[in-house]
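A quick write-up on the structure given underneath.
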Amino acid sequence: MPDRPPAQTTPLYQALVLDHQRAPRCHGPVAGHTHAAESVNALCGDRVRIELCLADDCVGAIGFTGEACAITTATASMLCELAIGRTVSELADLERRFHEVIAGDVAEDAVLGSLNALRELARYPSRRLCAELPWNALHAALTHPTESARS
Amino acid sequence: MSTLLRAAEPFDSARYRADFPLLARQIHGKPLIYFDSANTAQKPAAVIEAVDDFYRQHNANVARAVHTLGEEATAGYEAARDRLARRLNAGSRDEVVLTSGTTQAINLVAYSHALPRLAPGDEILVTQMEHHANIVPWQLVAARSGARVVPAPITEAGELILERFAALLTPRVKLAGVTHVSNVTGTINPVREIARLCRERGVPLLIDGSQAGPHLAIDVQAIGCDFYAVTGHKMFGPTGTGALWARREHLAAMPPFFGGGEMIRSVSFDGSVFADPPHKFEAGTPNIAGFVGLAAAIEYVDRIGIERIAAYEQELLEHASAALRAVPGLRLFGTAAHKAPVLSFLVEGAHAHDLATLLDHEGIAVRSGHHCAHPLMKFYGVPATLRASLAFYNTHEEIERFVAALIKVRRLLA
């Protein structure tokens with residue numbers, strides 16, 4: 001069985017990740033949101049709720065709330081920043097690219113911007129679920145229009 | 001050397017530590033501190049070599065071949081039963097059923113003993129501190145029979161409230177299942193007192209001994225329970241090994257759980273005649289090499305002496321409890337008067353998984369999560385905790401390094 005590689009060029013908890021954890025961007029509820037959903041990590045009980053305004057298939061205002069670990073919080077913060085102005089199909093493409101990076105299939109992907117800071121998750125398969133949680137919440141939100149928006 | 005003389009010797013953990021090859025590993029360039037023994041214990045060279053030797057020198061199937069290797073394999077496998085019988089102080093080796101672990105042992109009792117006796121409205125009494133392995137099997141048989149699983153409450157310190165347990169032992173209760181030692185809080189339950197209460201009301205009692213095996217001297221006859229389950233991998237043996245001890249009359253009355261080879265006397269299409277207990281419950285080819293390893297593990301621990309191990313571990317527990325209490329913002333879950341060296345905690349403002357990953361970078365292995373005890377997590381109102389669980393191969397110096405590392409990584413997240 002191969003040992004986990006000992007040398008780490010950039011640690012998982014690098015400055016950028018810790019910065020987004022300490023001062024998350026797009027943090028808080030979104031007044032007048034059209035879509036919202038919450039996802040829960042069954043392993044630890046962490047929860048992320050994403051609220052957003054979708055107009056002409058394009059994400060406008062977006063925000064997240066919830067209780068979560070540093071990896072989840074930083075991912076949610078970076079993801080919400082990146083999502084502003086994107087279409088639903090662009091977000092699906094970004095999600096696919098993000099999975100490739102955290103699985104270690106590609107070293108990094110310029111399109112993902114700050115989310116590349118999570119690339120070290122390739123060494124921590126058990127923590128990938130933490131970074132996937134905000135994506136799951138976004139995914140669910142996009143298919144869950146809020147009651148007021150439907151009418 | 002007499003036990004008295006040995007008891008007077010200081011516990012030489014460095015000497016025993018050297019018996020565990022894995023403990024010499026470096027993790028992220030730092031010496032490993034393994035504080036996850038409640039999850040699974042590390043194995044001494046004696047166990048690793050016994051398994052290796054079995055496959056190199058003695059491999060054959062058990063209880064069916066008359067050739068020399070078959071006799072050797074059977075003797076090695078049955079030696080585990082003898083070792084376990086002595087370790088548990090069973091009245092007879094025939095009361096020890098070899099299983100894949102505690103989970104299989106409890107499921108055997110659930111399906112073979114409990115299910116045929118359960119009727120709608122009946123209850124199975126457990127406690128709020130049980131591992132899922134001592135909850136879910138009962139729920140499964142309860143769902144089939146119309147019975148229900150009732151939890152007995154605990155205190156904030158993590159101790160079973162005995163009066164409440166006694167009050168819940170109504171005539172509806174057909175079986176009680178209680179852990180000997182909590183895998184989350186380390187609480188050592190007063191199992192003799194619990195067994196007395198159950199006997200007075202004629203309720204069969206199963207004790208989940210998963211976490212007691214590595215830490216305590218176990219005497220099933222003195223406890224006075226009906227069933228006692230242990231798992232080998234927490235007792236420094238291989239994974240996939242364990243045992244159910246049960247009173248002879250229970251085993252005799254229980255139908256087989258699995259059918260197959262090894263558990264029969266004769267088979268015809270008109271019907272089959274089963275072997276006597278315990279073989280009646282051991283269908284198919286077992287984990288022979290694993291049990292050879294488990295026998296070696298029990299022999300290894302017996303040479304050191306479980307009482308000496310328990311005394312040393314109490315020193316470690318006191319040290320670790322005091323050191324953790326000095327960490328700012330740390331909340332300890334489980335402060336029972338009688339505890340095994342298991343410490344669950346959270347640090348204010350830091351997530352359990354973040355701390356566990358950062359501690360791993362310091363070479364320290366601790367568990368984070370719900371520890372397969374959702375109801376207990378709910379009781380404490382937290383989704384997850386960190387857990388440091390120690391064994392006799394751990395040292396006071398490791399505790400100091402662990403607490404220093406915890407303070408260091410906590411600062412990173414602040």
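Worth saying up front: this structure is predicted, and the values here are computed from it rather than measured.
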Exercise for review: Carefully, step by step, assess A:Y13 and B:D354 under the rule side chain to side chain donor-acceptor pair (under 3.5 Å).
Suggested key: CA-CA 9 Å; A:Y13 290 79; B:D354 290 329; 2.7 Å; yes

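Interface remark: A:A42 contributes backbone atoms only to the contact with chain B (heavy atom separation under 4.5 Å). There is no contact between B:I27 and chain A, counting heavy-atom distances below 4.5 Å. Heavy atoms of A:I71 lying under 4.5 Å from chain B belong to its backbone as well as its side chain.
Counting heavy-atom neighbours within 6.0 Å of A:R96 CZ, excluding the residue itself, gives a total above 12. Annotation for B:E348: atom CD does not count as buried by contact number, only 12 or fewer foreign heavy atoms lying within 6.0 Å. At most 12 heavy atoms of other shown residues, nucleotides or ligands fall within 6.0 angstrom of atom NE2 in A:H139.
Of all the heavy atoms in B:A384 and A:C44, the pair that sits closest is CB-O, 4.1 Å. Shown here for A:R22 and B:R411, the closest heavy-atom pair between the two residues is NH2-O, 4.5 Å. Nearest approach of B:H370 to A:L43, heavy atoms of both residues: CD2-O, 3.3 Å.
Atoms CG and CD, on B:L413 and A:Q21 in that order, are 5.5 Å from each other to the nearest 0.5 Å. In this structure, the separation between CG on A:D46 and NE2 on B:H353 is 7.0 Å, given to the nearest 0.5 Å. Going from atom CG of A:L18 over to atom CG of B:L412 covers 5.0 Å, rounded to the nearest 0.5 Å. Separation of atoms CG (B:D360) and CZ (A:R123) is listed at 11.5 Å; rounding is to 0.5 Å.
Every ring pair (Phe, Tyr, Trp, His ring centres under 6.0 Å) that B:F20 has, sequence neighbours left out, goes to B:Y300, B:F392, B:Y393.
Residues of residues 58-70 of chain A that come within less than 4.5 angstrom of chain B, heavy atom to heavy atom, are A:A68, A:C69, A:A70 in numerical order.
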